Amino acid sequence: QVQFVESGGGLVQPGGSLRLSCAASGSIFSIYAMGWYRQAPGKQRELVASITRGGRGNYADAVKGRFTISRDNAKNTVFLQMNSLKPEDTAVYYCNGDSRGELPPPADFGSWGQGTQVTVSS
């Protein structure tokens, strides 16, 4: 079973940028559809960006134009470049994926990694 480890979070001022990384174990990463999710205190986990096996990205309206998802299959890694960060982007960010090529609802994933905390504050 592929496992995912997130990194790259931190404290940043509004308007700043961060780049998150998600490293995957296993040799079949390239067939996974991947997603970046976030969960703010008191809120449900939500999908913010996804990327297909072929590298096409899709974004939630709240982050469209500010976040960019990408993947490097040779390094078993997916990235989330976050620009123009806002206080409402504050959350724990997680990645997850599915080898069937489509992402299920967050509640249907069997396991999650530890996530990485992103805090946007002045």
Side-chain angles (χ1 to χ4, degrees):
Q1 183 177 353
V2 176
Q3 294 183 322
F4 305 104
V5 178
E6 305 90 348
S7 63
L11 172 64
V12 62
Q13 293 185 341
S17 298
L18 283 174
R19 189 191 195 205
L20 306 184
S21 298
C22 169
S25 63
S27 60
I28 58 171
F29 172 75
S30 62
I31 72 171
Y32 274 65
M34 292 296 301
W36 278 100
Y37 301 78
R38 68 186 180 188
Q39 188 167 20
K43 295 187 177 181
Q44 291 187 336
R45 195 166 300 185
E46 61 176 354
L47 176 66
V48 296
S50 63
I51 190 166
T52 65
R53 293 166 172 170
R56 185 180 73 249
N58 291 282
Y59 303 91
D61 288 344
V63 306
K64 200 170 292 182
R66 300 188 296 122
F67 290 10
T68 302
I69 190 171
S70 61
R71 66 190 300 162
D72 184 339
N73 289 337
K75 296 182 178 179
N76 282 11
T77 304
V78 63
F79 304 98
L80 186 68
Q81 178 67 43
M82 307 187 296
N83 298 328
S84 302
L85 282 161
K86 304 176 180 180
E88 51 263 45
D89 295 318
T90 295
V92 179
Y93 283 71
Y94 303 86
C95 65
N96 219 326
D98 195 295
S99 61
R100 294 169 293 182
E102 291 188 8
L103 297 175
D108 290 356
F109 281 107
S111 64
W112 292 87
Q114 293 295 312
T116 186
Q117 175 71 48
V118 171
T119 303
V120 185
S121 175
S122 55

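Just so it is clear, the model here is predicted, and its values are computed rather than measured.
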Say you draw a straight line from [atom1] of [X] to [atom2] of [Y]; how long is it, rounded to the nearest 0.5 Å?
X: Asn96; Y: Met34; atom1: CG; atom2: CE; answer: 6.5 Å
X: Leu47; Y: Trp36; atom1: CG; atom2: CH2; answer: 12.0 Å
X: Ile69; Y: Gln81; atom1: CD1; atom2: CD; answer: 12.0 Å
X: Leu11; Y: Thr90; atom1: CG; atom2: OG1; answer: 8.5 Å
X: Asn76; Y: Ile28; atom1: CG; atom2: CD1; answer: 10.0 Å

Test salt bridge (charged side-chain N to carboxylate O under 4.0 Å, His left out) applied to Asp98 - qualifying residues, sequence neighbours left out:
Arg100
Considering residues at least two apart in sequence or located in another chain, which fulfil the salt bridge (charged side-chain N to carboxylate O under 4.0 Å, His left out) criterion with Arg66?
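Once residues adjacent in sequence are excluded, the partners of Arg66 under the salt bridge (charged side-chain N to carboxylate O under 4.0 Å, His left out) criterion are Asp89.
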Disulfide bond (SG atoms under 2.5 Å apart) contacts touching residues 32-122 (sequence neighbours left out)
Cys22-Cys95
Same cluster (ILVMFWY, side-chain, under 4.5 Å), [X] and [Y]:
X: Tyr94; Y: Val5; value: no
X: Val48; Y: Leu85; value: yes
X: Leu103; Y: Phe29; value: no

Closer than 3.5 angstrom, by distance alone: can the side chain of Ser21 be matched with the main-chain N or O of Ser7 as a donor-acceptor pair?
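Absent.
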Using the salt bridge (Lys or Arg N to Asp or Glu O under 4.0 Å) rule, collect all pairs that involve residues 72-88, keeping only residues at least two apart or in two chains.
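Sorted result for residues 72-88: empty, none.
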Restricting to side-chain contact (heavy atoms from CB on, under 4.5 Å), what partner residues turn up for Ala62, sequence neighbours left out?
Arg38
Under the rule for side-chain contact (heavy atoms from CB on, under 4.5 Å), what residues qualify as partners of Ser99, not counting sequence neighbours?
Ile31, Tyr32
Distance-only criterion, 3.5 Å: show the donor-acceptor pairs between side-chain atoms of residues 106-118 and protein atoms not counting sequence neighbours.
residue, atom, partner, partner atom, Å
Thr116, OG1, Gly9, N, 2.9
Gln117, NE2, Ala91, O, 3.4
Gln117, NE2, Thr119, OG1, 3.3

For Tyr93 against Met82, the heavy-atom pair lying closest together:
CE2-SD, 3.9 Å
Option among Glu46, Gln44, Arg45 that satisfies the side-chain contact (heavy atoms from CB on, under 4.5 Å) test with Tyr37:
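The option that passes is Arg45.
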Qualifying side-chain hydrogen bond (donor to acceptor under 3.5 Å, both in side chains) pairs with a residue from residues 56-65, counting only residues at least two apart or across chains:
Asp61-Lys64
Hey, can you pull the donor-acceptor pairs under 3.5 Å for the side chains in residues 12-19, sequence neighbours left out?
residue, atom, partner, partner atom, Å
Ser17, OG, Asn83, OD1, 2.9

With sequence neighbours excluded, give me every ring pair (Phe, Tyr, Trp, His ring centres under 6.0 Å) pair touching residues 64-88.
none
